[in-house]
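Reviewing the structure listed below.
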Protein chains: 2
Amino acid sequence: MIDQNIKIAVDAIVFGYEKGTLYVLAVQQRFGKLADRWVLPGGFILNDEPLINAVERELREEAGITVNYLEQLATFGDNVKRDERFRVISVAYFALVNPKNFVLKADTDAKDAKWFDVAQLPVLGYDHNEMIKLAHQRLKSKLTYQPIGFDLLDQEFLFSDLENLYCSILERDIDRRNFRKKILSFGIVTETDKVVKIGSSGRPGKLFTFDKAKYNQILKENFQFDIRFA
Amino acid sequence: MIDQNIKIAVDAIVFGYEKGTLYVLAVQQRFGKLADRWVLPGGFILNDEPLINAVERELREEAGITVNYLEQLATFGDNVKRDERFRVISVAYFALVNPKNFVLKADTDAKDAKWFDVAQLPVLGYDHNEMIKLAHQRLKSKLTYQPIGFDLLDQEFLFSDLENLYCSILERDIDRRNFRKKILSFGIVTETDKVVKIGSSGRPGKLFTFDKAKYNQILKENFQFDIRFA
DNA sequence: TAATTTTGTGTTGTTTTTACACAAATTAAG
DNA sequence: CTTAATTTGTGTAAAAACAACACAAAATTA
């Protein structure tokens, strides 16, 4: 039998978006050498637990949330000292959630759970800043070729919400007219008949929804989502 | 201390290309229950060995090759029975090599090493066919937005070689004139003054090389490689 | 009532993409 | 040696996509 003494963990980089700011979820460690340090939600997997289940479990336990979108990001196992106690290889997952849908609730290993502005992150434990950096890149590039932005928004949203999400995450200006034209041309965003005025002044706008069924359908017909702007 | 009893392995999906055919490297297992079965090169990692080193070591040991391009693909750990002996989580790597550069040489755990036509793969051990499928998709999509095709070709190649590589891997026709125009417009492929006639008849062609330094340089200037054709 | 804010909409010039055909250099066959 | 076959090499025109740009409508606030 192989003499291997390595532990396996999962970690999740969960992004949330609200009013022009991109957040990432972190939890405050309750136990161990890094007690009180902020780290990504995650932990060791159980012997008979699929990786993906482990991530979902940790997110439920440590922060009380269920994400909208979840995919494997990368496995961190080149730095054999990334955990100073013993060797741990971590499979990092990338997730999206609408923060409004949950009240964070820390439990088990986590003393607290909090949203951090991605632009003003503290130093987290382990190599978790590195993980977030990679996830952030993934988010930016994926936003342009897969309609995952909707997983960060309310089910019904104003066109300006979508627009602002793209602007702030991609960190560039987008022409409102061209953006709207492009998105609508895909036929995966439908206009509801609801009209709302958000907070302050200005003309009320119509609410829109993302038609996921339609998206899945046209995917089969070789549709390619693609938002790229100068 | 955590009671975790899971082993970690790496596996490599190594693609090779020759004369219009895409190959994947497999090795014949020497030991164990799956003795004689063809599987992907790979194996358990050592306690203090970075993942990437493990892959390179296994490729050296089991097949005698060093690849041109290597990147992490995905980690397979949702199916807890993917290895029937005990739970093994495998980190799969995606690699490219020019088969002409090496004579395959099986050793250690491998009884034999061979190139298999990707279009006519036998059933391999474990979940390795699934891994290949995923890697194949990655190859196809990556070919369109990163100049990795060159890692499958000789250092000096005919334009038609590059063209045929794209045609055969992407499984579609490409207009020769438009393809050449597009590639040359990037300025990362340079014409040598060598002229060769390959094998049979026809007008001799000039040899070209991929200018990696130039590519890396213009990458910094926000260059985006992109080959997409109807 | 006027000023401010936000939504909603079309056109035009520029660039990129697509579609397409014939001459030049060589080998093979008659 | 002449003709046929094969492969390389090249340009243009029509169509589609993209980029740039401004003003009216509906509401709130002053």
Side-chain angles (χ1 to χ4, degrees), chain A residues 19-20 143-145 153-154 156-168 170-209 218 221-230, chain B residues 19-20 143-145 153-154 156-168 170 172-209 218 222-230:
Chain A
K19 296 192 198 94
L143 214 49
T144 68
Y145 65 87
L153 291 177
D154 293 345
E156 297 188 317
F157 51 86
L158 291 170
F159 227 100
S160 56
D161 293 333
L162 188 62
E163 205 181 290
N164 290 332
L165 184 147
Y166 271 83
C167 286
S168 46
L170 298 180
E171 293 171 297
R172 52 188 155 90
D173 290 346
I174 289 180
D175 182 277
R176 279 172 57 229
R177 282 166 291 189
N178 293 339
F179 179 76
R180 177 186 270 250
K181 221 182 306 174
K182 186 75 171 273
I183 293 277
L184 289 177
S185 76
F186 295 152
I188 57 179
V189 164
T190 53
E191 186 177 313
T192 69
D193 48 9
K194 295 178 200 157
V195 169
V196 279
K197 50 181 190 305
I198 288 298
S200 57
S201 63
R203 174 174 170 173
K206 296 209 186 92
L207 288 175
F208 292 80
T209 58
I218 61 180
E221 297 155 14
N222 253 354
F223 167 71
Q224 177 60 22
F225 182 86
D226 192 4
I227 295 284
R228 295 213 287 254
F229 291 91
Chain B
K19 296 190 197 94
L143 213 50
T144 67
Y145 65 87
L153 292 176
D154 293 344
E156 298 188 315
F157 52 86
L158 291 170
F159 227 100
S160 55
D161 293 333
L162 188 62
E163 204 182 291
N164 291 330
L165 184 147
Y166 271 82
C167 287
S168 45
L170 299 180
R172 52 189 156 88
D173 291 347
I174 289 179
D175 182 278
R176 279 173 57 230
R177 279 166 293 187
N178 293 338
F179 180 77
R180 177 187 269 250
K181 221 181 308 174
K182 186 76 170 274
I183 293 277
L184 289 177
S185 75
F186 296 151
I188 57 180
V189 164
T190 52
E191 184 177 314
T192 69
D193 48 8
K194 294 179 203 161
V195 169
V196 279
K197 50 182 191 300
I198 288 298
S200 56
S201 65
R203 173 174 171 173
K206 296 207 187 93
L207 287 174
F208 292 80
T209 59
I218 61 179
N222 253 354
F223 167 71
Q224 178 60 22
F225 182 87
D226 191 3
I227 294 284
R228 294 212 288 251
F229 291 91

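Atoms considered below: every heavy atom in the structure, side chains included; atoms not considered: hydrogens, waters and symmetry mates. Note that the coordinates shown come from a computational prediction; the quantities given were computed from them, not determined experimentally. Proteins get letters first, then strands, A, B, ... in listed order; numbering begins at 1 in each.
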Reading nucleotides 6-12 of chain D from the 5' end, what letters show protein touch, with B for base, S for backbone sugar-phosphate only, - for no heavy atom under 4.0 Å?
-> BBBBBBB
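Distance CD1 (B:I183) to P (C:dT17): 12 Å, rounded to an integer number of Å. Rounded to whole Å, the distance from CZ on B:R228 to P on C:dT18 is 10 Å. The CD1-C1' distance, from B:I174 to C:dT18, rounds to 14 Å in whole Å. Nucleotide C:dT17 holds its P atom 15 Å from the CD atom of A:Q224, rounded to whole Å. Atom-to-atom, CG of A:D173 to C1' of D:dA20 comes out at 13 Å; the value is rounded to the nearest Å. Distance A:L207 CG to C:dT7 C1': 13 Å, rounded to the nearest Å. Rounded to a whole Å, the CZ atom of A:F179 is 14 Å from the P atom of D:dC18.
Taking the salt bridge (charged side-chain N to carboxylate O under 4.0 Å, His left out) definition, one finds that B:K181 meets it with nothing, sequence neighbours left out.
Using the six-membered ring where Trp is involved, A:F225 and A:F186 have ring planes that are tilted, between 30° and 60° apart.
To the nearest 0.5 Å, atom CG of residue A:L162 and atom CZ of residue A:F179 are 4.0 Å apart.
For the pair A:G20 and A:S168, the tightest heavy-atom approach, listed with the atom from each and the gap, is O-CB, 3.5 Å. For the residue pair A:T192 and A:K206, the shortest heavy atom distance occurs at O-CD, 4.1 Å. When all heavy atoms are compared, the tightest approach of B:V195 to B:P204 is CG1-CB, 3.5 Å.
Remark on the helix from C:dT1-D:dA30 to C:dG30-D:dC1: inter-end axis angle 0°, axes from five-pair C1' superpositions, rounded to 10°.
A:Y166 places a side-chain N or O within 3.5 Å of a backbone atom of A:L143 that can act as its donor or acceptor partner. A:K182 places a side-chain N or O within 3.5 Å of a backbone atom of A:D226 that can act as its donor or acceptor partner.
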